[in-house]
Colleague: 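There's a structure below that I have some questions on.
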Protein chains: 2
Amino acid sequence: MQIAQTLISRDNISDHVALAVRDMIVDGRLPPGERINEVHLSVQLGVSRTPLREALAKLAQEGALRSIPRIGYFVRELSLEEFEQIYTIRPILDPEALRLAGLPSPERMARLKALNDKIENARDPNAIIDLDDEWHLELIGECPNKVLIDFIKQMIQRTRRYEIALMRERKNVAVATANHKAIMSALRRRDLDAACSALRTNMQTGREPIVKWLKAREAKKGGK
Amino acid sequence: MQIAQTLISRDNISDHVALAVRDMIVDGRLPPGERINEVHLSVQLGVSRTPLREALAKLAQEGALRSIPRIGYFVRELSLEEFEQIYTIRPILDPEALRLAGLPSPERMARLKALNDKIENARDPNAIIDLDDEWHLELIGECPNKVLIDFIKQMIQRTRRYEIALMRERKNVAVATANHKAIMSALRRRDLDAACSALRTNMQTGREPIVKWLKAREAKKGGK
DNA sequence: AATTTATGAATTGTATACAGTATGCAGATA
DNA sequence: TATCTGCATACTGTATACAATTCATAAATT
């Protein structure tokens, strides 16, 4: 008979490295535009180039890095264009996922409320983003369309670097938690349609301040 | 001064290999469920394991392969679930891309018509799918949201294996080309909304026969 | 002085070697 | 006969070695 899958999935060095490098990109230790030196980075991480390269290839496919053959990997610049494009798609997909998920169970509602409270009290922008992402994934946790969820997760990864700027200002955090409350209140009224459109609003209000910040940032760079 | 990018982008062996293996999966030379033997496949392709592994990792991320750490890569089974999930998303995204693209230029309309004619005359299912995919990408070619286009491309790749079954029956080809005509006629009337909803219909009618085929297929397998 | 050309170092792409893990089979045990 | 144990083999994961290309610097040419 077939033995059950081993539960302890000791993952590969490649996977670990991918996580590590992704963190370095997200929190700015590898700044936008930076060229990756495979040899340096591999010794810094204490691994050989082989698993590092596998990780870099993965990150390139995720969109965090850009690969130019025979030249190297570069940390992708923050781009107003890319951000706007992603933030055009999420207000379409997230509400659809919620619609497919249906009204959340009482337990899920409780978790959503608890997460939102945590966001209100958190100070560190990184922690806030983690919690906000978790909140959104919890909201659509019941969605049976795993492909859709995976895609939303991809986009969450990809917009993290931008959102840090957003969550540095407490005003924006307050807006986000208020939006979450509006969504939850619609759900409590068992009004799925209203919740979906509140979610759409949530995504759209998150967008504006970041666009503004990016524009200022690009202007500064252009002026230099 | 900086030298212009070399135009001839001699791509890597890894990329070539990824193309080759993807083809082998799509056309069935590597059947669903098959385990990939890296050594055998690398000698068969005349390359070493290193670029092959990079290609396999890429295909795994695309969803064509499944990676089980320390055991290997497997060609993913055709799954009714996955297919239905993807075909729930495309009727949302494709029309949105068309909406963003706006009405096509006369030149693009001519190309769309020419492609649709080619589909009507083609016999080989593989060629038909190529043309159909090309038609859909041409339709939304003007869409400025490149992230959206990339995602649609990903899904096209991922559904190819399923669609072969669809296009083997000429009746379905006729339905597809008729749908395309409906879309084009709406566009000629400059009625973008109608075109978008015709596109939605197009995606949905493509879905049913494949679901039916997959169900029959799974029943057969379960019965064995 | 500005531009081009040559040369060597640094860096990426690929192949190979090695180590650790899974897999299958033969023999042992009940 | 059926199940378990130990061993040999095959395969994956990682490291290292080598080849090919890019990049930077300096000499040479105009």
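Lettering of chains follows the sequences in order, A, B, ..., and the numbering in each one begins at 1.
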Colleague: For Thr50(A) and dT14(D), is the shortest distance between a side-chain N/O and OP1 or OP2 below 4.0 Å?
Modeller: no
Colleague: Among dG13(C), dT11(C), dT12(D), which is the nearest nucleotide to the side chain of Asn37(B)?
Modeller: dT12(D)
Colleague: What's the NE2-P distance between His40(A) and dA9(C), to the nearest Å?
Modeller: 16 Å
Colleague: To the nearest Å, give me how far apart CD (Glu38(B)) and P (dA22(C)) are.
Modeller: 15 Å
Colleague: Compare all side-chain heavy atoms of Arg22(A) with those of Leu59(A) and state whether any distance is below 4.5 angstrom.
Modeller: yes
Colleague: Nearest nucleotide by nearest heavy atom, which residue falls closer to the 5' end of DNA chain C, Glu54(B) or Arg35(B)?
Modeller: Glu54(B)
Colleague: Want to settle it: does Ser48(A) or Val39(B) sit nearer the 5' end of DNA chain D, counting the closest nucleotide to each?
Modeller: Val39(B)
Colleague: Would you call Arg158(B)-Glu62(B) a salt bridge at under 4.0 Å N-O?
Modeller: no
Colleague: Write down the distance between CG (Leu52(A)) and P (dT12(C)), rounded to a whole number of angstrom.
Modeller: 10 Å
Colleague: Base, sugar-phosphate, or nothing: which does Ile36(A) touch, judged by heavy atoms less than 4.0 Å apart?
Modeller: sugar-phosphate
Colleague: Answer yes if the side chains of Glu81(B) and Ser79(B) hold a donor-acceptor pair under 3.5 Å, and no otherwise.
Modeller: no
Colleague: What's the CD1-P distance between Ile68(B) and dA22(C), to the nearest Å?
Modeller: 12 Å
Colleague: Measure from CG on Leu41(A) to P on dT12(C) and round the result to the nearest Å.
Modeller: 10 Å
Colleague: Figure out the CG/P separation between Asn12(A) and dT21(C), and round it to whole Å.
Modeller: 12 Å
Colleague: Nearest-Å distance, CD1 (Ile71(A)) to C1' (dA24(D))?
Modeller: 14 Å
Colleague: Do Glu82(B) and Tyr162(B) have a side chain donor and acceptor closer than 3.5 Å?
Modeller: yes
Colleague: Counting the atoms with a prime plus P, OP1 and OP2 as sugar-phosphate, which does Leu56(B) contact under 4.0 Å by heavy atoms, base, sugar-phosphate, or nothing?
Modeller: nothing
Colleague: Please check the phosphate of dC11(D) (OP1 and OP2 only) for any side-chain N or O of Arg70(B) closer than 4.0 Å.
Modeller: no
Colleague: Check this for me: Lys146(B), atom NZ, are more than 12 non-hydrogen atoms of other residues, nucleotides or ligands nearer than 6.0 Å?
Modeller: yes
Colleague: Of the nucleotides dT12(C), dT16(D), dT12(D), which one has an atom closest to the side chain of Arg53(B)?
Modeller: dT12(D)
Colleague: Please determine whether a side-chain nitrogen or oxygen atom of Arg49(A) lies at a distance below 4.0 Å from atom OP1 or OP2 of dT12(C).
Modeller: no
Colleague: Whether Ser14(B) contacts dT14(C) is assessed here as follows: a side-chain N or O lying under 4.0 Å from the phosphate OP1 or OP2. Is that the case?
Modeller: yes
Colleague: Whole-Å distance between dT14(D) C1' and Leu45(A) CG?
Modeller: 15 Å
